[in-house]
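Beneath this line is the structure, given in structure tokens, with notes to follow.
Just so you know, ligand 1 is whichever comes first in the structure, and atom 1 is the first atom listed for that ligand.
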Amino acid sequence: MAKKKSTFVCQSCGNQSAKWLGKCPQCSAWNSFVEEIISDPNSKPVSAGVSRTAKKVKSLKDVEPLTQKRLVFTDVELNRVLGGGAIPGSLILFGGEPGIGKSTLMLQVALQNPQFKVLYVSGEESDEQIKTRADRLQPETADNIFILTETDTTIIKNASENLQPDILIIDSIQTLHSDKLESAPGTVSQIRECTYEILAFAKSMGLPTFIIGHINKEGSLAGPKVLEHMVDTVLQFEGDRNHFYRIVRSIKNRFGSTNELGIYEMLESGLKPVVDPSKILISAREEDLSGIAITANLEGVRPLMIETQALVSRAAYGTPQRSATGFDLRRLNMLLAVLEKKCGFKVGLEDVFLNITGGIKIEDPASDLAILAAIVSSREDLPISSKVCFAGEVGLSGEVRPVQKIGQRITEAKKLGFEKIYVSEYNDFSALKDFKGLGIYKAKKIEEVFRDLFS
Ligand code: TYD
Ligand code: MG
């Protein structure tokens with residue numbers, strides 16, 4: 001057998017070196033050298049996403065659509081983020097911060113679907129630890145789950161070929177190593193090579209594979225990020241460890257729409273899908289409190305009513321503080337500047353704290369209007385009725401801009417018993433049906449909204 005050879009290659013200019021270098025002598029990039037295999041006579045080329053047997057030219061109309069072969073799970077939230085279930089041979093990267101619940105969810109999927117034979121490969125926990133967790137999740141042990149505590153990709157490949165499971169789970173990619181490379185597990189080159197090897201055998205076996213990957217607080221770990229383009233689907237587990245709610249977001253999906261959202265509640269006995277999230281994300285309150293406004297958001301294709309809370313107070317010392325939990329701080333600063341310039345509220349001298357309830361992160365620009373309403377409500381100490389909600393993006397000149405799928409948001413507001421919704425005048429209302437009992441206030445500028453709300 002010929003000796004496997006590896007070399008270090010600069011990822012920005014392709015320069016090669018026998019040794020690792022901190023700085024590339026050719027393009028001066030720092031930390032750009034990654035170990036790569038240059039010749040391995042044993043490995044056959046594999047083209048990602050295409051089975052090696054499918055070499056004949058076919059008419060496109062004879063190709064069977066993949067959707068008919070999806071593996072459908074009992075967990076509706078997971079099916080939703082996957083676009084209706086897992087496609088055979090697809091690689092699903094499941095990323096998230098340590099301790100958020102990735103292993104819990106994957107083991108739970110295995111336990112709840114006895115119709116599938118599951119191979120659970122763990123490089124992090126022992127058999128006993130996995131067993132303890134399984135007992136906690138679902139005391140009666142299912143006999144469809146096979147555990148392999150292993151980190152060597154060749155052994156994992158052989159085990160998969162022998163067992164022929166319906167689903168493969170790898171926990172986690174950072175612990176695997178390939179004997180083709182000398183670098184330590186968790187390095188960029190190992191992560192990439194191991195994913196490549198899994199991709200090759202999973203595709204040829206038609207085996208849907210979930211790969212767990214840890215992401216650090218900055219979300220920019222040089223691990224899962226480098227393999228996002230190699231996998232078919234990227235799911236991201238979000239949420240605050242101190243809160244009960246967890247969100248699974250699909251950020252890439254070759255077989256479904258992205259931005260799809262699954263919501264779970266972390267209980268003593270595992271993760272429970274949240275069926276009607278809007279009801280949970282709005283706190284039940286007897287009286288109306290100032291500083292609270294509800295936004296009619298759209299996360300993926302699902303409308304979600306989310307409570308936003310603001311606290312505005314005079315800055316005690318020098319520089320005013322700004323803080324946002326679950327919302328982009330730069331966007332908050334922009335909204336405050338619009339409020340000051342266009343409506344004359346002197347928020348520049350005040351502390352502003354913003355919080356999105358339930359530990360949820362919101363990105364939908366339609367939440368701008370509710371956030372501004374919560375800020376003004378707190379500053380003026382004027383409560384907003386809990387029967388009122390908002391859906392509008394706010395532009396730099398204080399205009400209320402239209403948002404996507406206004407009809408769905410209005411329908412959700414009506415369904416949950418809201419009495420009034422503030423939206424942009426510029427939305428396309430042509431497809432709207434009659435909404436008896438729900439007042440729709442159409443505004444052009446934010447001043448109009450505040451005048452109607454607080455006077
Ligand atoms: P885990 O799945 O180990 O996280 P990850 O694999 O993403 O690192 O989840 C760990 C947390 O979940 C831990 O703090 C305990 C909590 N947990 C529950 O609250 N309920 C449960 O049933 C289980 C199994 C874990
Ligand atoms: Mg884990």
Side-chain angles (χ1 to χ4, degrees), residues 73-75 77-78 81-82 91-113 118-142 144-151 156 167-177 185-186 190-191 194-195 198 209-225 227-228 231 233-251 261-274 280 358-361:
F73 304 103
T74 43
D75 181 341
E77 300 294 299
L78 184 67
V81 289
L82 290 174
L91 241 64
I92 301 150
L93 174 65
F94 195 48
E97 287 169 28
I100 198 93
K102 300 180 295 296
S103 307
T104 306
L105 185 66
M106 282 294 101
L107 191 59
Q108 194 174 303
V109 167
L111 285 163
Q112 287 172 352
N113 292 278
V118 181
L119 176 59
Y120 190 105
V121 178
S122 181
E124 302 202 334
E125 288 160 313
S126 65
D127 305 353
E128 294 77 17
Q129 280 173 307
I130 299 168
K131 171 78 175 153
T132 314
R133 191 196 297 261
D135 286 346
R136 183 172 171 189
L137 294 172
Q138 203 169 306
E140 67 273 22
T141 338
N144 64 319
I145 305 173
F146 297 83
I147 304 286
L148 176 67
T149 43
E150 183 52 63
T151 55
I156 297 170
I167 299 166
L168 173 65
I169 297 169
I170 307 278
D171 187 3
S172 64
I173 190 70
Q174 273 98 347
T175 57
L176 297 196
H177 71 90
Q190 278 289 3
I191 287 178
C194 293
T195 310
I198 295 168
T209 305
F210 287 89
I211 299 178
I212 293 179
H214 295 293
I215 292 176
N216 61 10
K217 263 270 180 250
E218 290 76 48
S220 63
L221 178 90
K225 283 280 173 204
L227 44 94
E228 273 181 14
V231 299
T233 305
V234 180
L235 301 183
Q236 192 154 307
F237 219 144
E238 295 173 2
D240 193 326
R241 257 179 293 175
N242 304 319
H243 282 83
F244 297 123
Y245 300 109
R246 298 283 184 276
I247 291 179
V248 178
R249 204 185 280 273
S250 76
I251 48 180
L261 210 72
I263 303 182
Y264 296 88
E265 199 176 354
M266 182 61 109
L267 303 174
E268 264 307 293
S269 55
L271 288 149
K272 186 170 149 267
V274 174
I280 290 171
I360 282 185
K361 282 196 197 97

Set of residues that line ligand 1, where lining means a heavy atom lies under 4.0 Å from it: Glu97, Pro98, Gly99, Ile100, Gly101, Lys102, Ser103, Thr104, Arg133, Arg136, Leu137, Met266, Leu267, Glu268, Ser269, Gly270
The Mg ion (ligand 2) - number of protein N/O/S atoms closer than 2.8 Å: 1
Worked verdict on Asp171 versus Ser122 for side chain to side chain donor-acceptor pair (under 3.5 Å): CA-CA 5 Å; Asp171 187 3; Ser122 181; 4.6 Å; no
Candidate list Val118, Ile147, Val109, test side-chain contact (heavy atoms from CB on, under 4.5 Å), partner Ile169, passing option: Val118
Sole residue of Thr175, Ile156, Thr151 in side-chain contact (heavy atoms from CB on, under 4.5 Å) with Ile170: Ile156
side-chain hydrogen bond (donor to acceptor under 3.5 Å, both in side chains) partners of Ser172, counting only residues at least two apart: Glu124
Gln190: partners by side-chain hydrogen bond (donor to acceptor under 3.5 Å, both in side chains), with sequence neighbours left out: none
Derivation of the side-chain contact (heavy atoms from CB on, under 4.5 Å) call for Asn113 and Asp75: CA-CA 9 Å; Asn113 292 278; Asp75 181 341; 5.7 Å; no
Which atom of Ile212 lies closest to which atom of Met106, heavy atoms considered: CD1-CG, 3.6 Å
Lys/Arg-Asp/Glu bridge criterion (N-O < 4.0 Å) met for Glu97, Lys102: no
Atom pair CZ/CD of Arg246 and Glu265 - distance to nearest 0.5 Å: 10.5 Å
